[in-house]
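In what follows, a single structure is set out as structure tokens and then discussed.
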There are 2 protein chains.
Amino acid sequence: MDTDARTILEGCRLLASVSGDQRERLVAMAEVRRYERGTMIFRQGDAPPGVFIVGAGLVRVFLVSPSGKQHVLHLVSPGLTFAEVAAIGDFPCPAFAEAASDATCLLLPERPFQAALREDHALCLQLLGSFAMWVRHFVGLVEDITLRDAAGRVARFLLEAAGPDGVVRLPSLKKDMASRLNLTSETLSRTLRRLTDEGLIGSPAGTGAEIRLLDRDQLGRVSDGLGPNL
Amino acid sequence: MDTDARTILEGCRLLASVSGDQRERLVAMAEVRRYERGTMIFRQGDAPPGVFIVGAGLVRVFLVSPSGKQHVLHLVSPGLTFAEVAAIGDFPCPAFAEAASDATCLLLPERPFQAALREDHALCLQLLGSFAMWVRHFVGLVEDITLRDAAGRVARFLLEAAGPDGVVRLPSLKKDMASRLNLTSETLSRTLRRLTDEGLIGSPAGTGAEIRLLDRDQLGRVSDGLGPNL
DNA sequence: CGTGTGGTTGATAGAGATCAACAACGGTGG
DNA sequence: CCACCGTTGTTGATCTCTATCAACCACACG
């Protein structure tokens, strides 16, 4: 049963190394929350609610410009967390979060979580490591957006997202993938088509949501802006 | 004397709350380093050297694309730190760092620093807070680059960088400011000119490196993409 | 079946990059 | 004092990538 607080907590990498007593403490403070697809979980500027852990489903974390344009920062899948940053820094949510599909989350409310943090050194260290990963993730994001053109971004994304079998299974809609790469869905579509025509990628027959990498070397060159098609 | 390890350490906000004994420990492990303007401090991909604290001068942290283009992530001024992320996450440096002017830095080498971290809960908490700020900073950066046009980015930057007197003193060259905003120096120049022509900003006579904000409301509107000139 | 959502393709337009010339300095050395 | 140079910043002309607008297809679902 994936809706049990303990089960969700145990599936969370961020808190994997939290020990017996301390874990019970987290279980005790946790609240299970369910969201229907499309429900807004929190808005930019909201008071920090605490740490969310996704148990099932998919959560879209995104920014919105004054003119209404969205930019997806992250698609959070089960076992991962969101809103930790605001919870720990104790400042307003820097982004929006909504359920991209029906989702079950665990919320560790801010106050008791911070109390636990103050007393649990292991938890603190663990979080520190995860924050370092976050910062690295963002550096990668900035690097992508500022230094690469559309083809480069798509190529890099595919190389990173591919399993060892060389197949990328999209976690969500192409629309979201495009937004994450700071492209419109139209240019993403065109770019994938060009990569397909060049023979660098292919779609296993019938599967719309899968992409097979056919030439990683070439893709690597494209991601470095050295490809044949720029 | 700003080259003394203790003095630099005391001027560092990140470590402000570190107490007597623990501070001595940091002082003991610290190495003072001097860099001439233009010297590379570390490169992307290098093993994590540890935590750097700027004592004097200015350090440019930047990314480089395969084609040689640079993007400035951060200009680090005295009292601030860099490379903490790699040091704590224990992964290769995600960016380059070079001395933008002659600079004196303090290095807390990775190993002893991590040891201190494992034993000092207060230090850990402090770092956690500062990491949260880092992540927020990056969210802001992504927000800027993806959701705003050139004028919007410049306007927001000016509003954030201005002192209470409404004057922005550029810490470095316009070139760096442009790169930080993901613009070429040419478009930055043009954008500033347009803002000047509209009467939103002005340069106090004779001062090339200062910008005075004349109409914050209007600048705010421009930063939200609602300005008169888009 | 209509209707809606997601995705593809085509035509056009616009923001900003790029290329190029030049002005304003500040040093350096004769 | 002035000629020379390197750096920084400004301005102009052009080009290119990507967004935008619009039509259309495929598929799912009531």
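Here is the naming used below: chain letters follow the sequence lines, and residue numbers restart at 1 for every chain. Predicted, not measured: the structure shown is a model, and the values here were computed from it. Both backbone and side-chain heavy atoms feed into the values below; hydrogens, waters and symmetry mates do not.
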Under 3.5 Å between N/O atoms: give me all the protein pairs with nucleotides 21-24 of chain D, atom names plus distance.
{"residue": "D:dC21", "atom": "N4", "partner": "A:E186", "partner atom": "OE2", "Å": "3.2"}

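- Here the side chain of B:K174 is nearest to one of C:dA17, D:dT10, C:dT9, namely D:dT10.
- Pairing each heavy atom of B:S223 with each of B:R156, the nearest pair is CB-N, 3.8 Å.
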Under 3.5 Å between N/O atoms: give me all the protein pairs with nucleotides 24-27 of chain C, atom names plus distance.
none

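- Of the candidate nucleotides C:dT18, D:dT18, D:dT8, D:dT8 has the atom lying nearest to any side-chain atom of B:R37.
- Listed candidates were D:dG9, C:dT8, C:dA17. Nearest to the side chain of B:T187 is C:dA17.
- B:F157 pairs by the ring pair (Phe, Tyr, Trp, His ring centres under 6.0 Å) definition with nothing, not counting sequence neighbours.
- Contacts classified as side chain to side chain donor-acceptor pair (under 3.5 Å) and involving residues 68-82 of chain B (residues at least two apart or in different chains) are given here: B:T81-B:E84.
- At whole-Å resolution of the value, NZ in A:K175 and P in D:dT20 are 15 Å apart.
- Backbone-only engagement by A:L183 is indicated by non-hydrogen atom pairs under 4.0 Å involving sugar-phosphate atoms exclusively.
- Taking atom CG of A:N182 as the reference point, atom P of D:dT20 lies 10 Å away to the nearest angstrom.
- The backbone N or O of A:V72 lies less than 3.5 Å from a partner atom in the side chain of A:S179, making a donor-acceptor pair.
- Nearest nucleotide to the side chain of A:D149, out of C:dT8, D:dT18, D:dT8: D:dT18.
- Note on the helix from C:dC1-D:dG30 to C:dG30-D:dC1: terminal axis deviation equals 30°, with five pairs used at each end and the result rounded to 10°.
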Under 3.5 Å, which donor-acceptor pairs do the side chains of residues 44-51 of chain A form with other protein atoms, sequence neighbours left out?
{"residue": "A:Q44", "atom": "NE2", "partner": "A:P94", "partner atom": "O", "Å": "2.9"}
{"residue": "A:D46", "atom": "OD2", "partner": "A:R43", "partner atom": "N", "Å": "2.9"}

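- When the P atom of D:dT8 is taken as reference, atom CG of B:D176 falls 9 Å away, rounded to whole Å.
- A pairwise comparison of heavy atoms in A:F82 and A:V54 identifies CE2-CG2, 3.6 Å as the closest pair.
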